[in-house]
Amino acid sequence: MSDVEQLRQQMEKQGDLVRELKAARAEKAQVDAQVAVLLALKDKLKIASGGGEAEAPKKKGSGGGEAFVLKVPKGTKDYSPKEMSVRTEIFRTIVSVFEKHGAVTIDTPVFELKEVLVGKYGEDSKLIYDLKDQGGEECSLRYDLTVPFARYVALNKIANIKRYHLAKVYRRDQPAITKGRMREFYQCDFDIAGSYDAMIPDAECVRVAVDVLSQLDVGKFVIKLNHRKILDAIFEVSGVPADKVRAISSAVDKLDKVSWAEVRREMTDEKGLDAAVADRIGEYVQISGNGEVVLAQLQALPELMASTKAQEGVKDMGLFFKYAKIYGILDHVSFDMSLARGLDYYTGVIYEAVLVEENVRPATTEAPAAASTKKSSKKGKGDDEDESQVRVGSIAAGGRYDGLVGMFSSTMHAKGKKTDVPCVGISFGVERIFSLVMARKEKQEIKANRTQVYVISFGDKSENSLLEERMRIAAELWDAGIAAEFAYKLVPRRDAQYDACDKSVIPWAVIIGNTEIDQGVVKIKNMAHKDELEKDGVVVARSLMVAELKQRLQI
């Protein structure tokens, strides 16, 4: 093996090691050390290759030349017809709920100007896919559908709109396909833009989330709620410096995945927060449970309630729980102080839906200091496998973002005049929902197509006459709006036609043969119930075929 090939193999192994460390959230110093080793190997390979760029290892093809590995890119997936059938039903369900609430749909480009996306996602901005400069414009693949929507509202000077959008987004994340974390994936967004009285649209967005997740039957779920103003007040009274608020917020948001000790270590060791300040934050962010109970707890904390931000946030949440009770969704929500949503654009209520296999933990009735013990449902990094059995991660999330449209509108005016359009919305992660639904359908028969009738023929009529009659019947069924198929052979075998019905789960068949053609009739057969009285099919006049099928198909 040549030195170049050895170096390439070492680079590949080292790259895998770096990715594993990042996925396991290893210490920054440990990751940096291994990255340095990888860069050194890359430099050695560049020299060994004669000064050119280090290339990825290539495999030898069967003809002796170089060949590439045929696969989909990491973090992406092909979907089979049966999988797409399930996904399509998921989309239909989601859209039906959106439209029931009066939303209209829009579409935006899959990539945006880079400056549109930069500075909107906090620490997650590093996950944006940048594209090469083409024609003098720096562009990036869209990270979500919210920022493009805000850009759309500002660009088109829209004062109010209730919209939904189903489209793919892209994140340069470390993928975990089994948990539904991809680099290319669909989001389904529902947003309400416009100036309305407090918390009315916010409560409806959560009602939309409850409707969608209930109809999709994903299992027991809870929607965790918090308010950015309350969270900002907690950071303020705890003594977090203004320039560290978003970084600390991002750390707090990991409390549903790791222990408080791990979050505290990140805040102090990695982000330079004073240990005493971190401990004060811990007294607050581990409170969660019944909304009205948590509200009462917060109102009983004089230091917190001295903050104007906290007062405004608590007032908003009081209204929210009042409206949530009217909408009948209180049993599905939990007021959780650890929910932070690290994106920079949130300004008010924030929420996140997670699947759970246990009851929602009730609010603690003790003082905040006593509540700082580790949450029973939280897991450390070493327990990640166990944690995945309890929660599969966020399946929907969103919140209020009143300043995002204004950030774009100000760029359209010479004097930098802002035109704010308040917005609130919810986004559903289809990949995680899909993995849950597919798991529930594992033992069920999934129908990939929407064919309702299969046209079958057998007999000793001329080959062309049987084929042509099947084609005439299929055309008549299509004209009547009935999904139909037939075998693409002059003389198909009877068993092969029956097998086609079974394989594609086609419920009905129209059967013709010598006798049926001569008498001007057809047989209509229920393919799902072969042992009942109609096992040989029911004879129907050819002229009544469509009416009979429509009655049986209930269309």
Side-chain angles (χ1 to χ4, degrees), residues 75-79 83-118 120-121 124 127-131 134-135 137-172 182-194 201 204-205 208-209 211-212 216 343 345 395-401 404-409 411-412 419 421-434:
T76 65
K77 186 181 184 304
D78 289 329
Y79 293 95
E83 289 174 323
M84 283 306 300
S85 176
V86 173
R87 287 170 70 82
T88 299
E89 284 302 316
I90 290 172
F91 288 134
R92 284 196 183 103
T93 299
I94 293 173
V95 168
S96 70
V97 173
F98 290 169
E99 292 182 341
K100 182 174 67 176
H101 285 263
V104 297
T105 190
I106 67 167
D107 196 13
T108 62
V110 73
F111 52 88
E112 296 276 350
L113 294 176
K114 184 176 180 179
E115 59 189 346
V116 167
L117 304 182
V118 169
K120 312 299 189 304
Y121 303 107
D124 286 343
L127 303 180
I128 294 174
Y129 267 112
D130 292 331
L131 304 176
Q134 297 286 343
E137 290 186 335
E138 290 191 31
C139 296
S140 301
L141 293 176
R142 60 187 172 204
Y143 177 91
D144 66 3
L145 301 179
T146 305
V147 171
F149 171 60
R151 190 267 306 152
Y152 173 88
V153 171
L155 184 62
N156 293 281
K157 299 180 174 62
I158 295 171
N160 57 75
I161 186 175
K162 184 187 291 186
R163 85 84 169 87
Y164 70 89
H165 191 184
L166 279 62
K168 287 183 177 181
V169 299
Y170 300 85
R171 297 185 184 178
R172 197 164 48 85
M182 313 279 284
R183 286 177 171 172
E184 176 193 63
F185 57 96
Y186 266 97
Q187 282 190 341
C188 300
D189 281 22
F190 174 94
D191 292 82
I192 302 173
E204 183 169 356
C205 283
V208 165
D211 286 352
V212 166
L216 289 174
L343 306 181
Y345 51 67
I395 52 179
R400 175 159 288 279
Y401 51 102
L404 190 55
V405 174
M407 292 175 64
F408 295 125
S409 67
T411 66
M412 298 169 62
T419 305
V421 179
C423 300
V424 64
I426 180 81
S427 179
F428 296 88
V430 170
E431 312 313 329
R432 284 176 173 168
I433 291 174
F434 169 72

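Just so you know, residue 1 is the first one in the sequence shown, and it goes up from there.
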- Which heavy-atom pair separates R400 from P422 by the least distance, and what is that distance? NH1-CB, 3.6 Å
- Query: What distance separates R163 CZ from T105 OG1, expressed to the nearest 0.5 Å?
  - Reply: 7.5 Å
- Reported CD1-to-SG distance for the pair I94 and C188, which is rounded to 0.5 angstrom: 4.0 Å
- Close side-chain approach of E83 to D78, heavy-atom, < 4.5 Å: no
- Heavy-atom nearest pair, I433 first then I395, reads CD1-O, 3.9 Å
- Query: If you measure from CG on D191 to CD1 on I106, what distance do you get to the nearest 0.5 Å?
  - Reply: 8.5 Å
- Are side-chain N/O atoms of E99 and Y164 paired as donor and acceptor at under 3.5 Å? yes
- Closest contact, heavy atoms only, V421 versus A159: CG1-O, 3.5 Å
- Message: Could you measure the distance from the CD1 atom of I426 to the CD atom of E204? Nearest 0.5 Å is fine.
- Response: 12.5 Å
- Just jot down the side-chain hydrogen bond (donor to acceptor under 3.5 Å, both in side chains) partners of D189, sequence neighbours excluded, or say none. S427
- Message: So does F98 get a backbone contact from the side chain of K100, meaning a donor-acceptor N/O pair under 3.5 Å?
- Response: no
- Query: Would you say the ring centroid of Y79 lies under 6.0 angstrom from that of F434?
  - Reply: yes
- Task: Using the side chain to side chain contact (heavy atoms under 4.5 Å, CB included) rule, take L131 and C139 through it: C-alpha gap first, then chi angles, then the decisive distance, then the call.
- Result: CA-CA 6 Å; L131 304 176; C139 296; 4.2 Å; yes
- Task: Give the minimum heavy-atom separation between F428 and A209, together with the two atoms involved.
- Result: CZ-CA, 3.6 Å
- Minimum heavy-atom separation for R142 to P109, with atom names? NH1-O, 3.0 Å
- Item | Separation between CG of L117 and CG of D130, rounded to the nearest 0.5 Å | 8.5 Å
- Kindly indicate, with the supporting measurements, whether the criterion side chain to side chain contact (heavy atoms under 4.5 Å, CB included) is fulfilled by E137 and L113. CA-CA 7 Å; E137 290 186 335; L113 294 176; 3.9 Å; yes
- Message: Quick test of your reading of the model: are E431 and K77 salt-bridged, counting only N-O distances below 4.0 Å?
- Response: no
- Message: Which heavy atom of H165 sits nearest to which heavy atom of L145, and what is that distance?
- Response: O-CD1, 3.4 Å
- Message: With side chain to side chain contact (heavy atoms under 4.5 Å, CB included) as the criterion, how do Y121 and Y345 come out once you've worked through the C-alpha distance, each side chain's angles and the decisive distance to 0.1 Å?
- Response: CA-CA 7 Å; Y121 303 107; Y345 51 67; 3.9 Å; yes
- Task: Quick one: do F408 and V153 satisfy side chain to side chain contact (heavy atoms under 4.5 Å, CB included)? Show the steps, please.
- Result: CA-CA 9 Å; F408 295 125; V153 171; over 6 Å; no
- How long is the gap from CG on D144 to CZ on F149, to the nearest 0.5 Å? 12.0 Å
- Taking side chain as C-beta onward, heavy atoms only, is F185 less than 4.5 Å from R432? no
- Message: Please check this pair: side chain of K162 against backbone of H101, looking for a donor-acceptor N/O pair closer than 3.5 Å.
- Response: yes
- Query: Partners of E184 by side-chain contact (heavy atoms from CB on, under 4.5 Å), sequence neighbours excluded?
  - Reply: T76, K168, Y170
- The residue among T146, V405, T108, L404 that forms side-chain contact (heavy atoms from CB on, under 4.5 Å) with R151 is T108
